[in-house]
Trainee: 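Before we start, here is the structure in question, set down as structure tokens.
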Amino acid sequence: MSSNDLSALNSRFAIPGHVQFKEGPGGLTVAEITNSLAESTIALQGAHVMTWQPHGQAPVLWLSRFGKFAPGKSIRGGVPVCWPWFGPHAEDAKLPGHGFARTVMWEVQETRAQPDGATFISFGLIETDATRAQWPHPSSAKLRVTVGAELKVELATRNTGSAPFQIGEALHTYFHISDVADMKIKGLEGCTYLDKVGGTTSKTQQGPIVIESEVDRVYLNTESDCLIEDLGLKRQIRIATRSSRSTVVWNPWIEKAEKMGDFGPEGYRGMVCVESANAVDNVVTVLPGAEHILQAMISVEALA
Ligand SMILES: O=P(O)(O)OC[C@H]1O[C@@H](O)[C@H](O)[C@@H](O)[C@@H]1O
């Protein structure tokens, strides 16, 4: 019986009124969390938060209805965990973009009902020969998620070896918006960013971000909260972070979304990625024995 067997998972980790384990789309095992504050579905593959919806709100995360839910395939939407590198691997183009964490199995390590009604669940990445071949550094990766009126996601990297290593990482969050034309992103005004559309160039953000064509940007050296102001849903999503020095903003727009094949028609209009990251110049060195923790806290506010 594997540690991810449904009945074993339910007998060790289910909590009535908080969390149970089920077979999800494509046969993936998921933790289904429903409490008095919110609901969320998290796949054990990738420790991938697929949905989060505080009661009384429209879904906050975007999840493609046309995505491939299959073992070893990354899920299009929710919060893919990019680790231990972000984007293409620096030396070996054959290694998977955004690292392997999002496509391998993680094990559930703890579930807890919190006094405020939220549900806590933590996962550990399961190392295999295949992960060690891609990442030979002794380390552990854990993802801790708190599902409540706020969604808190923590990615902890511990160096269990005797030499320092460098990681790139992102909580690559896809947000659900009413329509890209009715949305602005605030909080990155004045920041320097690498614009990856049509060759990489360095630019400075003037005013809030509006999206009217493909956007693929890495904002560097920023720790400010980001706000996704959504006039259609009359709300703003706040993304606060700790130990995140980069923010990636991405919308593939028409052509790229069509090529990717898992966005669906017009899918790009209802989403934007605002990723809490450490990438490019902001990669992190983790010293032997040290732990680095990237955190994102997501909440929803009514627009005045
Ligand atoms: O298709 P993937 O691997 O999930 O990546 C999606 C996008 O992720 C973003 O973080 C990158 O900046 C984009 O360049 C990339 O296209």
Side-chain angles (χ1 to χ4, degrees), residues 26 28 43 45-50 61-90 92-104 134 153 155 167-177 180 185 188 191-203 205 209 211 213-220 222 226 228 239 241 244-264 267-284 294 296 298:
L28 298 181
Q45 173 173 294
H48 195 128
V49 180
M50 293 161 59
L61 303 181
W62 180 86
L63 179 66
S64 176
R65 289 186 293 120
F66 302 88
K68 300 171 194 79
F69 298 95
K73 296 265 176 263
S74 64
I75 296 168
R76 182 67 67 200
V79 189
V81 174
C82 304
W83 186 93
W85 59 87
F86 178 83
H89 189 275
D92 187 349
K94 289 192 294 302
L95 291 178
H98 290 332
F100 52 80
R102 60 180 176 164
T103 53
V104 301
Q134 297 177 61
V153 185
L155 173 60
I167 55 160
E169 56 182 347
L171 300 168
H172 186 312
T173 314
Y174 289 74
F175 290 97
H176 162 66
I177 51 174
V180 71
I185 302 167
L188 295 164
C191 280
T192 301
Y193 65 92
L194 295 180
D195 189 346
K196 297 203 279 173
V197 176
T200 304
T201 44
S202 179
K203 297 186 179 159
Q205 180 62 38
I209 302 170
I211 298 184
S213 59
E214 183 188 352
V215 167
D216 192 356
R217 303 176 183 172
V218 183
Y219 289 84
L220 296 165
T222 172
C226 286
I228 303 174
I239 304 131
T241 60
S244 162
R245 303 266 301 136
S246 321
T247 298
V248 180
V249 177
W250 180 62
N251 182 297
W253 209 249
I254 303 165
E255 257 177 56
K256 259 224 172 114
E258 267 171 20
K259 277 198 203 122
M260 293 176 93
D262 54 5
F263 265 79
Y268 73 96
R269 297 204 70 89
M271 60 67 67
V272 66
C273 284
V274 177
E275 310 169 30
S276 307
N278 287 302
V280 199
D281 299 356
N282 296 136
V283 292
V284 174
L294 163 67
I298 301 166

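Note that ligands are numbered from 1 as they come in the structure, with each ligand's atoms numbered from 1 the same way.
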Trainee: For residues 82-90, dump all side-chain donor-acceptor pairs below 3.5 Å to protein atoms at least two apart in sequence or in another chain.
Mentor:
unit_1: Trp83; atom_1: NE1; unit_2: Thr157; atom_2: OG1; d: 3.0
unit_1: Trp85; atom_1: NE1; unit_2: Pro96; atom_2: O; d: 2.9
unit_1: His89; atom_1: ND1; unit_2: Glu91; atom_2: N; d: 3.1
unit_1: His89; atom_1: ND1; unit_2: Asp92; atom_2: N; d: 3.1

Trainee: Would you check if Val248 and His172 make a side-chain contact, meaning some heavy-atom pair closer than 4.5 Å?
Mentor: no

Trainee: Given Arg269, which of Ile177, Ile211, Val180 fulfils the side-chain contact (heavy atoms from CB on, under 4.5 Å) condition?
Mentor: Val180

Trainee: List the protein residues in contact with ligand 1, where contact means a heavy-atom separation under 4.0 angstrom.
Mentor: Arg76, Phe86, His98, Arg102, His172, Lys196, Asp216, Val248, Trp250, Met260, Glu275

Trainee: Sequence neighbours excluded, which residues qualify as salt bridge (Lys or Arg N to Asp or Glu O under 4.0 Å) partners of Lys256?
Mentor: Glu214

Trainee: Between Tyr268, Trp62, Phe66, which is the residue that forms a ring pair (Phe, Tyr, Trp, His ring centres under 6.0 Å) with Phe263?
Mentor: Trp62

Trainee: Run the salt bridge (Lys or Arg N to Asp or Glu O under 4.0 Å) test against Lys203 and tell me which residues pass, sequence neighbours left out.
Mentor: Asp195

